[in-house]
Every structure is written in C-alpha cells, then in structure tokens.
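Shown next, in structure tokens, is the structure this report addresses.
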Number of protein chains: 2
Amino acid sequence: MLDKIIAKITSEYTTLSNEIIEEWKSDILMLELEKGTQLVREGSYTNKLFYIYKGSAKAYHLKNGKAIADWFSFEHEFICAITGYFLGHPSEHYIELTEDSILLEFNRKHINILSNKYHDFERFTRNAITKIMLQLQKRVVYLQFSTAKERYDFLLQEYPKIELHISLGDIASYIGITQETLSRIRAQK
Amino acid sequence: MLDKIIAKITSEYTTLSNEIIEEWKSDILMLELEKGTQLVREGSYTNKLFYIYKGSAKAYHLKNGKAIADWFSFEHEFICAITGYFLGHPSEHYIELTEDSILLEFNRKHINILSNKYHDFERFTRNAITKIMLQLQKRVVYLQFSTAKERYDFLLQEYPKIELHISLGDIASYIGITQETLSRIRAQK
DNA sequence: CATATCCTTTGATATAGATCAAATTCGACT
DNA sequence: AGTCGAATTTGATCTATATCAAAGGATATG
C-alpha cells in the first residue's frame with residue numbers, strides 16, 4: 001500500500017528512481033488515526049510533514065480564544081504547520097484530523113537530506129512547495145477584496161464537496177467570516 | 001555591477017559555482033527604467049521574472065475598474081506575474097515600477113533549463129519560492145480576521161519605510177481596505 | 001508661475017457583516 | 001429510541017468600514 005501511495009504522490013509532481021524511493025520509504029510512517037486526533041499542538045517544535053491518503057485534516061490557530069482555520073487538506077494533499085516546518089519556529093498552528101484518516105508522516109530532516117543528495121528529489125520538493133504557494137496566492141486574492149458570498153462561492157469552486165468533510169464553523173473562519181453569516185448565505189441558495 | 005548583484009542574490013539563498021553563474025549571466029538582462037513603466041500587462045503571456053536591484057515595483061489587478069495591489073517588491077526582492085509565470089496562463093496582473101529602478105530580467109525557460117541541469121540551481125529556485133510562499137502565508141493570516149488598523153500595523157512591521165515608496169491608495173488596496181479608511185487611521189497616530 | 005492632474009484628507013451617510021442571544025436541529029452514546 | 005452536548009439556524013441590534021462627495025495639498029508640465 002505504501003508503494004501505491006508513493007506512486008500516486010510522485011506521479012503528481014515528478015518521477016523518482018527506485019533507489020530514491022527506497023531510501024525515502026525507510027523513514028516514512030504510515031498512520032491510521034481517528035477524527036479529532038491532534039497531530040501538532042501550538043507552541044510545540046515540529047518537523048513533521050503529513051500527507052493525507054484517506055480522510056482530511058485542518059490547521060488552525062486561536063485568536064481571542066476562537067479557532068480560525070488556516071489550511072484544509074484532503075485526500076492526496078500535504079499539510080504541515082507552515083512556520084514550524086519551514087522556519088523551525090515553535091508552531092503557530094494546531095493540526096487536527098477532521099475525519100478518521102490514513103496518513104503518511106515525513107520528517108523535515110530526512111526530506112532535506114534527500115533533497116541535498118538527489119537532484120530529482122529536490123525538484124520534487126520544489127514542485128510541492130510551488131503548488132502550496134499558488135494555493136496561497138489564490139486565497140490572498142479573494143480574501144483581499146470580496147464579499148462573504150464571493151468568498152464562499154470561490155471556496156466551493158475549489159472544493160465542491162468541502163461541506164461533506166468540514167464543519168460550517170471551520171469553513172466560515174477559513175474564508176474570514178462568522179459562522180452566522182455563512183449560515184445565512186447558505187440559506188439563500 | 002551584474003556580478004555584484006548576483007553575488008548578493010546568491011548570498012541570500014544558496015551558493016552557486018562560477019560555472020553556473022556564468023551560464024546564468026548569459027541570459028540576464030539588466031534594465032534601467034523609469035517610474036510608471038509597465039513590465040507586464042494583464043492578459044499578456046509572460047515568462048519573465050524580475051529582480052529589483054534599485055527602486056520598487058508593484059503587481060496589481062483591476063476589480064470593477066479599480067486597481068488592487070497584489071505584491072510590492074523593493075530592493076533585493078523578486079517580482080513576477082505569479083499565475084503567468086508559474087502556470088503559463090495569460091497574466092492576471094499588471095506589473096509596474098513605482099519608482100525609477102534598476103532591475104534584472106530573467107526568463108522562465110532559462111531558469112528551468114538551469115534548474116534541470118544543476119542541482120544547486122534547483123535548490124536556489126526552491127529557496128526563492130519558499131520565501132515567496134512564506135510571505136503569502138503571513139498575508140493570508142492577517143487578511144483573514146483583522147481590523148483595518150491591525151493590517152496596517154502589520155504591514156508597517158514588515159515594511160517600515162513603505163510609505164516613502166508606495167502611495168496611500170496602493171497600500172490601502174494591498175491590505176484590503178479603502179484609501180479613506182487608511183487616511184483616517186494615519187490621522188489618529 | 002499658472003494650471004492641470006493626481007493624491008490625500010475630511011465629512012456625512014449607508015450597509016455588510018459582526019456580535020449577542022435564543023431556538024432548533026443534528027449526532028453520538030447509552 | 002431517548003438524552004445530552006455540539007453544531008447550525010434564526011432574530012435583533014450594533015459597528016467598523018465602505019461609499020459618496022467635496023475640499024485641500026502636492027507635483028508635474030508647458
């Protein structure tokens with residue numbers, strides 16, 4: 001199964017030789033965990049990167065005691081505590097499973113070793129980061145100047161089935177509006 | 001002078017051998033252009049990446065006829081039409097110099113060739129993209145749920161001298177508020 | 001140096017969406 | 001199926017910020 005998942009990952013980004021894949025596999029953990037499991041706690045040092053094979057996860061932070069969703073990750077997507085992973089700072093985010101999930105856990109150190117050792121692996125990481133960067137760019141555009149409804153419509157375009165996986169409150173905070181407002185928008189459809 | 005600039009760029013991201021630098025230089029244009037010059041027009045295909053050596057630039061798009069700033073770039077920073085450059089789509093952005101500037105112009109094709117040929121260059125591009133990704137991540141956080149004043153304060157923290165280079169209207173649109181609101185916030189200081 | 005244009009400030013008003021509060025529905029567990 | 005707690009909806013109000021409008025200031029141009 002791990003081989004199948006890795007094949008899927010590499011097919012999306014770049015090809016990797018068997019040698020690289022074997023070395024990579026040696027440090028991958030495959031986890032099967034329940035909805036609600038916290039993968040990362042705010043304030044903790046974390047060097048882990050996750051790949052959701054089945055299920056979904058969210059990253060969020062607290063502002064005035066309220067959870068604000070920062071990042072959702074569904075099947076075949078990565079998720080990590082961005083500032084923790086890339087900058088080595090204590091994590092500003094919690095990461096929590098929003099459904100029962102099967103996921104892979106990678107480790108920054110090993111990823112960096114592989115990136116330094118193999119050009120192809122470096123390309124793979126570049127491609128993965130580029131994808132994340134482009135997603136963020138899109139979010140900035142619609143957070144900057146758009147109404148609550150425009151934001152919601154945009155999100156549905158990106159993730160048509162998000163409502164099956166993520167609660168209304170989390171969706172609302174992700175697009176920067178309150179849950180009451182989102183509820184009213186839904187009611188009008 | 002070009003050598004000096006390249007030394008500066010590489011010092012920020014990764015070391016590159018002389019061989020690589022020479023090959024890279026063969027396709028770099030150095031430009032000295034006036035404030036107001038348009039580097040990229042919306043709708044155009046563009047495969048150019050710019051590095052501001054002196055001066056500053058902005059990327060923006062039009063919404064309901066109004067310009068909305070998407071990205072500022074100051075000395076020693078990169079700028080490009082993100083979707084145009086990374087996805088090969090027609091550009092969604094204009095890029096325009098906000099001051100008289102000296103800049104370098106790179107070309108996606110050549111950058112990709114170098115990235116494929118040299119592992120070190122690939123690492124260099126990965127680092128550059130990672131930096132852009134982290135900047136976007138920060139912007140998302142403060143655009144998501146913060147008051148006009150918080151956004152402005154955050155921007156000043158990131159770019160303390162931005163007011164010397166960028167007009168009030170552009171700054172306002174960048175942080176997702178109107179210029180009148182920004183003017184009033186300033187008046188209260 | 002006069003005029004035109006752009007940029008910023010100030011004022012008055014309107015409104016989208018927040019906040020507070022309560023009712024209703026949903027889902028999980030016994 | 002029945003109960004409890006969580007999630008969602010609905011309602012009433014409030015407020016930050018948008019919008020509209022006009023007046024100053026600053027900067028560039030002939």
Side-chain angles (χ1 to χ4, degrees), chain A residues 33-38 55-56 58 60 62-69 72 94 96-101 141-156 161-189, chain B residues 33-38 55-56 58 60 62-69 72 94 96-100 142-156 161-189:
Chain A
L33 297 166
E34 285 191 338
K35 174 174 179 171
T37 306
Q38 285 207 340
S56 57
K58 65 176 175 188
Y60 65 96
L62 298 178
K63 181 165 181 177
N64 307 329
K66 281 182 202 159
I68 297 182
F72 298 124
Y94 297 84
E96 194 177 304
L97 295 179
T98 41
E99 297 174 291
D100 294 351
S101 303
V141 170
Y142 80 78
L143 284 175
Q144 211 172 354
F145 265 112
S146 47
T147 62
K149 184 162 187 319
E150 284 170 336
R151 294 169 190 212
Y152 182 59
D153 289 342
F154 180 85
L155 184 70
L156 284 184
K161 292 183 183 167
I162 194 167
E163 325 235 323
L164 303 177
H165 307 286
I166 305 288
S167 73
L168 174 125
D170 283 345
I171 292 175
S173 73
Y174 184 74
I175 58 178
I177 65 177
T178 60
Q179 46 179 337
E180 292 92 334
T181 298
L182 181 52
S183 176
R184 285 182 247 261
I185 288 171
R186 266 194 192 167
Q188 286 172 359
K189 292 241 163 177
Chain B
L33 297 166
E34 285 192 337
K35 174 173 177 172
T37 307
Q38 286 207 340
S56 57
K58 65 176 175 188
Y60 65 96
L62 298 178
K63 181 167 180 176
N64 307 328
K66 282 181 201 158
I68 297 182
F72 298 125
Y94 297 84
E96 194 177 305
L97 295 179
T98 43
E99 297 173 292
D100 294 350
Y142 80 80
L143 283 175
Q144 210 172 352
F145 265 112
S146 47
T147 62
K149 183 160 187 323
E150 283 170 337
R151 293 170 190 211
Y152 182 58
D153 289 343
F154 180 85
L155 184 70
L156 284 184
K161 293 183 182 166
I162 194 167
E163 324 236 321
L164 303 176
H165 306 287
I166 305 288
S167 73
L168 175 125
D170 282 346
I171 291 175
S173 74
Y174 184 74
I175 58 178
I177 65 178
T178 60
Q179 45 179 338
E180 292 93 334
T181 298
L182 180 53
S183 177
R184 285 182 246 261
I185 287 171
R186 266 193 191 166
Q188 285 172 0
K189 291 242 164 179

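We name chains A, B, ... by the order of the sequence lines, and we start the count at 1 in each one.
- For the pair A/K58 and A/Y60, the cation sits on the ring face: its NZ or CZ lies under 6.0 Å from the ring centre, inside 45° of the axis.
- Here C/dC6 presents its C1' atom at 13 Å from CG of B/L168, a figure rounded to the nearest Å.
- No side-chain heavy atom of B/F72 sits under 4.5 Å from any side-chain heavy atom of B/T98.
- Backbone-only engagement by B/S167 is indicated by non-hydrogen atom pairs under 4.0 Å involving sugar-phosphate atoms exclusively.
- The CG-P distance, from A/L164 to D/dT8, rounds to 13 Å in whole Å.
- Every salt bridge (Lys or Arg N to Asp or Glu O under 4.0 Å) that A/K63 has, sequence neighbours left out, goes to B/E150.
- With rounding to whole Å, B/Q188 atom CD is found 18 Å from C/dT8 atom P.
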Open item on the list: Is there a salt bridge (charged side-chain N to carboxylate O under 4.0 Å, His left out) between A/K35 and A/E96? Walk through the geometry before answering.
Closed with: CA-CA 8 Å; A/K35 174 174 179 171; A/E96 194 177 304; over 6 Å; no

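- Remark: side-chain polar atoms of A/S101 are paired, donor with acceptor, to backbone N or O of A/S56 under 3.5 angstrom.
- Between B/R186 atom CZ and C/dT10 atom P there is a gap of 11 Å when expressed in whole angstrom units.
- Between A/I171 atom CD1 and D/dT9 atom C1' the separation is 15 Å, expressed in whole Å.
- Remark: C1' of C/dT9 and CD of B/E163 are 14 Å apart, rounded to the nearest angstrom.
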Open item on the list: Using a 4.0 Å heavy-atom cut-off to protein, can you give one letter per nucleotide of nucleotides 14-30 of chain C, 5' to 3': B if the base is in contact, S if only the sugar-phosphate is, - if neither?
Closed with: ---SSBB----------

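- The closest side-chain heavy-atom distance from B/L143 to B/R151 is below 4.5 Å.
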